[in-house]
Amino acid sequence: MTRTDEHGREDDDGVAAAEYVLGLLSADDHAAMTARIANDPALARQVAYWRSRFSAFDEGFAEVAPPPAAFRQIERRLFAARPGPRRLLGLWGSLAAWRGAAAGFALLAILAFGLSVWRPAPTTPVPAATALVASLAAQGSEVRMLALFDPSRGELRLTALSGHPGAGKAFQLWLINAHNQPISLGVLPEAPTASITLPSAISAGLTAGSVLAISLEPEGGSPTGAPTGPVVASGAATAV
Amino acid sequence: MTPHAEGISDLIARTALGDRVAFRQLYERTSAKLFGVCLRILKERQDAEEALQDVYIKIWQRSGHYLEGQASPISWLVAIARNHSLDRLRARRPAALDIESALDLAATDPDPEQSAENGEQRQKIDECLDRLAPDRADAVRSAYLDGWSYAELAERHGVPLNTMRTWLRRSLIRLRDCLSP
C-alpha cells in the first residue's frame, strides 16, 4: 500500500533516521544526514528514538579483552604531548591582596562573590538548600583553599588562596565521611578556581560535618584510587 | 556480558574533571565491551585496536557532554565505539551507490518518542523483531551489530540490492509501528 499524503516526508525521514542509526547509508549520504540532523529537531528526535530502541541490541556485543599495552598508548596519545605542569597558583599566589588576607575576610569575600554568581534567576525559585562552606588548611602546609558547595545544583566551587603542587605533582580532592574510605572528587585543574559538578550519588553525601581534604599526588592523580600522598589541607564543611 | 552500569556514570563525571585515575578505572571496566564492539564491526584486529584507542580519546574529550539520565552510560559508551567503528568502515569502503530511490513504502503516522530508553521498551524491540520474518529480523540485527551495508546484506541473503533495501525499509516501518502503537 502506498500513501503519499502530508505525512509522506516524515515517514521517509523516519526510515532514513533508522537507516542512519543502523549505519546503512553510504559515506556521502551519512554525512548529508548528519548535517540535516543538526538543523532539523524533528529529524534529530527520530534519530534519538531509533538510537534508544536499537541500543537494546548492545548486549549482542561480546566482551573481548584488548591487548594489555592499549591503555598505555591511549595515555601517551592523550597526555604525552601536553606541556609540563604549570605552577598551579602562580598568578593567584602573586596577588598580594589574597596573600595576606585573613581567612575570615577571604571567606566573606568568596561568599559574597560566589553566592551572587550562583543564585538562580528569580523566575526559577528553588527550595532553600543550605549552602556549605569549608576552609581547607593544615599545619605546616602552605596550601589553603576555600570550598563552597551549592547542594541545589550539586556544584562545588574551589578557590585557591595559596600553595601549589610542584612539578609532576597534582592536588587531588577527597570527600571523607566519618570512617568511610575517602571518595575522590577529582584532580584539581591547574587554575586558581575550579567548579566541580558532583554526581548526585556523591553530592548527597556532602553534608555539614563532611570533611574535604586535598592530598598531594603524582600528576594525573592517585594511582590507587585512594590518597597516597600527604594531606596538605583539609577542613570540615559547615552550613552557611 | 555487559559491565555493571553502577558507578560508570560517576567515573564518566570524574573523567570530565580530568581525573586520570577515574579514566583508567572507566577503561578497566568498559574496554572489553568496547573492544568487542570495534572488533565485531571492523573484523580486523589491528584496525580494531587502533579504533579502540581513538574511542577512548573521544571518551576523554567528550566526557563532559554525557548527561546523567539521558541514556544509560553503557549505551552512551557503546554508541561512541560503534559510531567510530562505522566511520572507519565507511571510509575504507568504495563509494556506495546512491541510496535515493523511489520505493513504494507502506506508510503510517509516525509517532516517535523522544524519551530515553527504559527496560520495557528495550525488551519490546525483541518482541517486535520476532513478528518479522526471521531473515529480515536477522538483517536488522546484523546491520546494527556487524555494521553491514545494504550491499553486504544483499550478498549474504542472496537477493538483489534493491530487494534488500525494500525488505529492510519495510521491516523498519513495521518495527516502528509495533514499537509505537
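Reminder, nothing fancy here: chain letters follow the sequence lines and each chain counts from 1. Predicted, not measured: the structure shown is a model, and the values here were computed from it.
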Which pair of heavy atoms, one from [X] and one from [Y], lies closest together, and at what distance?
X	Y	answer
B:Leu17	A:Leu185	CD1-O, 3.1 Å
A:Pro66	B:Leu52	CB-CD2, 3.5 Å
B:Ala143	A:Leu24	CB-CD2, 4.1 Å
B:Val140	A:Leu22	O-CD2, 3.8 Å
A:Val64	B:Gly36	CG2-CA, 3.9 Å

From B:Gln53 atom CD to A:Arg72 atom CZ, the distance as rounded to the nearest 0.5 Å: 11.5 Å
Pairwise distance OG(B:Ser75) to CZ(A:Phe57) - rounded to 0.5 angstrom: 13.0 Å
Do you know which of [options] has the most heavy-atom pairs under 4.5 Å to chain B?
options	result
A:Ala18, A:Ala70, A:Ser184	A:Ser184
A:Gly220, A:Ala194, A:Gly186	A:Gly220
A:Gly225, A:Pro223, A:Ala170, A:Pro67	A:Pro67

Checking [X] against chain A: side chain, backbone, both or neither under 4.5 Å from a heavy atom?
X	value
B:Leu39	side chain
B:Glu49	side chain
B:Ile12	neither
B:Asn83	side chain
B:Leu34	neither
B:Gln25	side chain
B:Leu89	neither
B:Val37	both

- prompt: Less than 4.0 Å between a side-chain N and a carboxylate O, is that true for B:Arg82 and A:Asp58?
  reply: no
task: Identify whether the distance between the nearest side-chain nitrogen and carboxylate oxygen of B:Arg20 and A:Glu75 falls below 4.0 Å.
output: no
Interchain contact, [X] with chain B, by part (heavy-atom threshold 4.5 Å):
X	answer
A:Gln172	side chain
A:Ile202	side chain
A:Ala65	backbone

message: Checking the side chain of B:Arg24 only, and the main-chain atoms of A:Phe71 only, is there a donor and an acceptor separated by less than 3.5 Å?
response: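 Flag not set: sc B:Arg24 to bb A:Phe71 has no pair under 3.5 Å.
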- request: Kindly assign one of parallel, tilted or perpendicular to the pair B:Tyr144 and A:Phe61, based on the angle between their ring planes and the thresholds 30° and 60°.
  value: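 Aromatic pair B:Tyr144/A:Phe61 classed tilted.
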